[in-house]
Protein chains: 2
Amino acid sequence: MANIKEIARIAGVSVTTVSRVLNNHPYVSKDKRTAVLKTIEQLNYTRNMNAVHLITGRTGAVAVILPMINSFYFSVVMDGLAQAALMAQYRLILCQTNYVPEEELKVLNMLRNKEIDGVVIVSTALKPEMIEPYCAYGPIVTCQNSGERPYSSVYIEHYAAFRHGLDYLHSKGHRKIGYCEGRENGSSASIRQSAFQDFLAEKGLPFDPEWMIFDCVREEDGAEVARRLLDMRSRPEAMIISGDHVAAGLIIEARKHGLSIPEELAVMGFDNQPIGRLLEITTIDNQLYQMGSAAFEIVHKHIHGSSLPVTRKLEYRIIERSTV
Amino acid sequence: MANIKEIARIAGVSVTTVSRVLNNHPYVSKDKRTAVLKTIEQLNYTRNMNAVHLITGRTGAVAVILPMINSFYFSVVMDGLAQAALMAQYRLILCQTNYVPEEELKVLNMLRNKEIDGVVIVSTALKPEMIEPYCAYGPIVTCQNSGERPYSSVYIEHYAAFRHGLDYLHSKGHRKIGYCEGRENGSSASIRQSAFQDFLAEKGLPFDPEWMIFDCVREEDGAEVARRLLDMRSRPEAMIISGDHVAAGLIIEARKHGLSIPEELAVMGFDNQPIGRLLEITTIDNQLYQMGSAAFEIVHKHIHGSSLPVTRKLEYRIIERSTV
DNA sequence: GCTTGCTATGGAATCCATTTCATAAAATAT
DNA sequence: ATATTTTATGAAATGGATTCCATAGCAAGC
């Protein structure tokens, strides 16, 4: 109820002085400072932050766009973001958009509206040209390579990482290779798909469209893939699977049916998830937590001045375990 | 850059009229409305939401307090919260506090500061008496039974649910029962622990402190428990485990060492997680998604008037599969 | 002794939209 | 024909802080 004006009146100072006390400005005498603090205490006063946001033009909040939080991938990235935000004393607005473009645009409009100081786009259904105009209103960081676009990004080299995994399978002697992917048209999924097809073409390996399976998101989907593989007349010797959860489902189901892994079927996971460690799945770690924390650090820097867009590439590495 | 005043000047109307157009107020003539809309279009104007928040005293944002997002349990609750918030056109501020009380208090103070319209506390290190004073500043909903406290809650009957699970194990003939838990002093963990000890006492079952294992959070912890069990001279016949991820770790590791489940060791999970379905773990579903969505709906109702605190109890049920 | 620099303080402008109140014209009711 | 209601409009108050600018006392520098 009380405001800065009333504090000033009761403490016998100007509102400017009260504001100075609130903001730890040095030019306030000891007497006045204590008088102000006493009054604040007495009236149980706190700032109305909306007034602060209005006048300063800052809110101390950053929005995060992602399709769903209930997925290992996104919750790890979010964890990285959240820890970095906590350190920097920033607030994170979680915008779970289910890949609905209108919702994603609403979030970008929050930047225009000055409700937030920046946006981190972890994954989106929006095309880069839809995002670009919003750069005028504040910093935007994506988790996919933004290349020549005017916004920053932190990214994994999906193409190279995936090829690296394929090379590994190849080096282990596998020639008939299958592939499991999440959304067929996801932007990183498309990149991996190209990597897969380019690799097969370059090495002259057999390509069977039946060996390329999409919409594999949860453990259960992996189990379903295992069943499909068992029914095939011609089965791949190795599978590369985006997401260790899916790989886990496949492995458990396949073993249940007596298929031995890696002898009869090699499995290479992706994302280095905890379940993979437990099942000793050979996988590719691509630093999802770091992706989140780096993304936050970049928006944070942009908010505090640095305006040139940056692109930060993250390293990946194969974790050799026992399913290949 | 442009503001409502400038729009008014250029469109040749008063600021009041512009505000009416922005808020779809009926008492605006067609001519003036189109003139205003045209000017808004021309100047590429959008409201400064901070001014709106200041004058209306509302922000359309709700904060969520939870220790970590990167955990199945919390990410499912968060999913429920996020979907409900999306429907209601509300923003969610994710406050990952790592159970640091100071951070949690900061969030509650956002309510005082008028930065948010309400708070959902999914899990906290704060005692109820620390939370209570903040009820004066806005609606608070917890995900643990708030009983006679002046704030609302959505909760699972952890005591009853856990006993129900124990009863099930007992009905299947198990007498030597062990127990895996997450944080030893978590508020719901403590309830489960009492349920466990009360049950054993009432049924006159043997209690071995070695069979009660804490700090089991990830798959790996479950695997570690399996190894410990294998080393015991006297081993329980059944384990009740809070969290299917942990149960999965235990089962996989135990089987790796040749222990047959459920014959040599029965395992009852908790939370009905996807991994549990894959491994056919008998578990207790306790509607975590619904917990999130209900929690949001309750804050939402409070924000829009209804001030009496409510406590909403969620149902649980055993999912019989094949590990008991 | 005079200029410069630092400390301390307050007045007033500023950020920007909403809403109450007042007024008047037009439409409807009596 | 008069009284009442509805529609339309704007001036001004309101929400609550920050900050620029002006002023003044006092200390240090030359």
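It should be emphasised that the depicted structure is a prediction, and the values quoted were computed from it without experimental measurement.
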> Do we see a donor-acceptor contact under 3.5 Å between the side chains of B:R47 and B:N23?
Replying inline: yes
>> Ignoring hydrogens and geometry beyond distance, is a side-chain donor-acceptor pair present between A:Y155 and A:T142 at under 3.5 Å?
In response: no
Give every pair of a protein N or O atom and an N or O atom of nucleotides 23-28 of chain C that lie under 3.5 Å apart, one pair per line with the distance.
none

> Which part of the nucleic acid, if any, lies within reach of A:T16 when heavy atoms closer than 4.0 Å are counted: base, sugar-phosphate only, or nothing?
Replying inline: base
> What's the CZ-C1' distance between B:R9 and D:dA11, to the nearest Å?
Replying inline: 18 Å
> Strictly by modelled atom types, are B:S187 and B:S190 linked by a side-chain donor-acceptor pair under 3.5 Å?
Replying inline: no
> Which pairs, with at least one residue in residues 20-44 of chain B and sequence neighbours excluded, count as a ring-ring contact (aromatic ring centres under 6.0 Å, His included)?
Replying inline: B:H25-B:Y27
> Looking only at side-chain N and O atoms, does A:T17 come under 4.0 Å of OP1 or OP2 in C:dG10?
Replying inline: yes
> Given D:dT18, C:dT18, D:dG16, which nucleotide is nearest the side-chain atoms of B:V15?
Replying inline: C:dT18
>> Need to verify one output field. Residue with the more 5' nearest nucleotide on DNA chain D, B:A51 or B:G12?
In response: B:G12
> Rounding to a whole Å, what distance do you find between B:K5:NZ and D:dA12:P?
Replying inline: 12 Å
>> Heavy atoms only, 4.0 Å cut-off, all strands: where does B:S19 land among base, sugar-phosphate and nothing?
In response: base
>> From CD1 of A:I7 over to C1' of D:dT18, roughly how many Å is that when rounded to an integer?
In response: 16 Å
>> Rounded to whole Å, how long is the line connecting atom NE2 of B:H53 with atom P of C:dT19?
In response: 13 Å
> Of all the nucleotides listed (C:dG11, C:dC16, D:dT14), which has the minimum atom distance to the side chain of B:N3?
Replying inline: C:dC16
> CG of B:N113 versus P of D:dG15: gap in Å, rounded?
Replying inline: 18 Å
>> Quick one, A:I121 and A:Y151 - any side-chain contact, counting heavy atoms below 4.5 Å?
In response: no
> Could you give the CD-to-P distance, from B:E6 to C:dC15, as a whole number of Å?
Replying inline: 11 Å
> Can you check whether A:I93 reaches B:L92 side chain to side chain, under 4.5 Å on heavy atoms?
Replying inline: no
> CD1 of A:I4 versus C1' of C:dG11: gap in Å, rounded?
Replying inline: 14 Å
>> Using whole Å, what does the distance between atom P of nucleotide D:dC20 and atom CD1 of A:I55 come to?
In response: 10 Å
>> Using a 4.0 Å cut-off on heavy atoms, which residues in residues 20-50 of chain B reach DNA chain D? List them by number, or say none.
In response: B:R20, B:P26, B:Y27, B:V28, B:S29, B:K32
> If you count the non-hydrogen atoms of other residues, nucleotides and ligands that lie under 6.0 Å from CD in B:E41, is the total more than 12?
Replying inline: no
> With a 4.0 Å cut-off on heavy atoms, is A:V13 in touch with a base, just the backbone sugar-phosphate, or nothing at all?
Replying inline: sugar-phosphate
> Would the number of heavy atoms belonging to other residues, nucleotides or ligands and lying under 6.0 Å from NZ of B:K106 be above 12?
Replying inline: yes
> Is there a donor in the side chain of A:E315 and an acceptor in the side chain of A:N286, or the other way round, less than 3.5 Å apart?
Replying inline: no
>> Quick check for you: to the nearest 0.5 Å, what is the distance between B:E132 atom CD and B:L126 atom CG?
In response: 13.0 Å
